[in-house]
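Taking it in order: structure first as C-alpha cells, then the write-up.
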Amino acid sequence: MRPLPWPAAQPLPDSFFDRDAQTLARALLGKVIRHRHQGHWLAARIIETEAYYLTDKGSHASLGYTAKRHALFMDGGHIYMYYARGGDSLNFSAHGAGNAVLIKSAQPWVDEHCAADALARMQANNPAADGSPRPAERLCAGQTLLCKALGLKVPDWDGQRFDPQHLFVEDAGARPAQIIQTTRLGIPHGRDEHLPYRFVDAAQARHCTRNPLRRGQLEGRDYHLLDNEDA
C-alpha cells in the first residue's frame, strides 16, 4: 500500500470505481480531485460527469481496442486521458471493459491541504484568453479547462492508476442534494446522442459546461431532476 500524503487522507479505493458507469458518474459528483502540481496540492470538486459504455456509439471504446485506449478496457479505477479540442481530458474506468466516466467540469476546492495560493496557481495555469485571471467559477467549467487548471497532462497520467502521493480522488463530504440527468454534450448525430448519461450537481448547474437549467429547458423533456440517495 502506498503511503498517504497526510494521516487523515482518504483516497477512494479501486472498489469505488468498479461499478456501473452511470452509478459511478452520479457517485463522483461532489468528490474532490487532488493533484500535486509543481510540489503543491491543487484540488477541484466535481460538479459534472458523463457516463460511457463499450456498446455506446458515442464512446471511444466502441471504436475498438487500441494501445492508446487500453485503460478503458482495464478494471475500475484506471485513468484514461485524451486530447479534445487541443486540451487534455480526464476519464476514470468503471466496471466492465470499455466503460468509463468523463469528468466534464468542477469547481476549485481550497482547504488546509492545498497550497496557500492554490487558487492563484490554478488561475496561472488556466488564464483567460486575454491573459487575465479567469474567474474562479469558470476556472474548471469544462473538461479541458479542468485539466489545465489542475495541471493534468495526457503523457503523465493516461493509463495509470491513482497515486496518493500525486493524484487521487477523495470524499470530502460535499454531496449534492439533487442531481440533474440529461443528454451528453458534443455527441455527433447518429452516435447515441439521445442517451441521458450526463449528470450535474443541481446547485452548481450554472457553473458547468452548459447549464441544463438555462432558459427554454423543460423538466421531463430536456432533463430530469433526481434526489441524491447518497446526500
Quick one: pull up [atom1] in [X] and [atom2] in [Y] and give me the separation to the nearest 0.5 Å.
X	Y	atom1	atom2	answer
Leu29	Ile179	CG	CD1	5.0 Å
Leu150	Trp41	CG	CH2	11.0 Å
Trp157	Leu152	CH2	CG	8.5 Å
Ile46	Gln204	CD1	CD	13.0 Å
Glu137	His207	CD	NE2	6.0 Å
Phe199	Lys104	CZ	NZ	14.0 Å

Between [X] and [Y], does any side-chain N to carboxylate O distance fall below 4.0 Å?
X	Y	result
Arg184	Asp192	no
Arg161	Asp75	yes
Asp222	Arg214	no

> Which heavy atom in Ala97 sits nearest to a heavy atom in Phe73, and how many Å separate them?
Replying inline: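 Closest pair (atom of Ala97, atom of Phe73, distance): CB-CD2, 4.1 Å.
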>> Give me the atom names and distance for the closest heavy-atom approach of Leu4 to Pro11.
In response: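 Answer, listing the atom of Leu4 first, then Pro11: CD2-CD, 3.7 Å.
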> Under the salt bridge (charged side-chain N to carboxylate O under 4.0 Å, His left out) criterion, do Arg34 and Asp111 qualify, and how do the steps go?
Replying inline: CA-CA 11 Å; Arg34 297 190 185 272; Asp111 61 16; 2.7 Å; yes
>> Quick check on the hydrophobic clustering: are Leu90 and Leu42 connected, directly or via other members, by side-chain heavy-atom contacts under 4.5 Å?
In response: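 Yes, one cluster joins them.
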> Same cluster for Ile187 and Tyr197 if Ile/Leu/Val/Met/Phe/Trp/Tyr side chains link at under 4.5 Å?
Replying inline: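 No, separate clusters.
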>> Could you check whether atom CZ of Arg138 has more than 12 heavy atoms from other residues, nucleotides or ligands sitting under 6.0 Å from it?
In response: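 Yes, the 6.0 Å shell around CZ holds more than 12 heavy atoms from other groups.
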> Cation-pi between Arg69 and Tyr65: NZ/CZ under 6.0 Å from ring centre and within 45° of the ring axis?
Replying inline: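 Because its charged atom misses either the 6.0 Å distance or the 45° angle limit, Arg69 does not stack over Tyr65.
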> Parallel, tilted or perpendicular: which fits the ring planes of Trp6 and His113, with parallel below 30° and perpendicular above 60°?
Replying inline: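 Ring orientation, 0 to 90° scale: parallel.
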>> Is there a side-chain contact between Leu167 and Ile33 in this structure, where contact means two heavy atoms from C-beta onward sitting under 4.5 Å apart?
In response: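 Yes, close enough: below the 4.5 Å cut-off.
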>> For the backbone of His95 and the side chain of Asn99, can you confirm whether one donor and one acceptor N or O come within less than 3.5 Å of each other?
In response: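 Indeed, once roles are kept as given, a pair shorter than 3.5 Å links the two residues.
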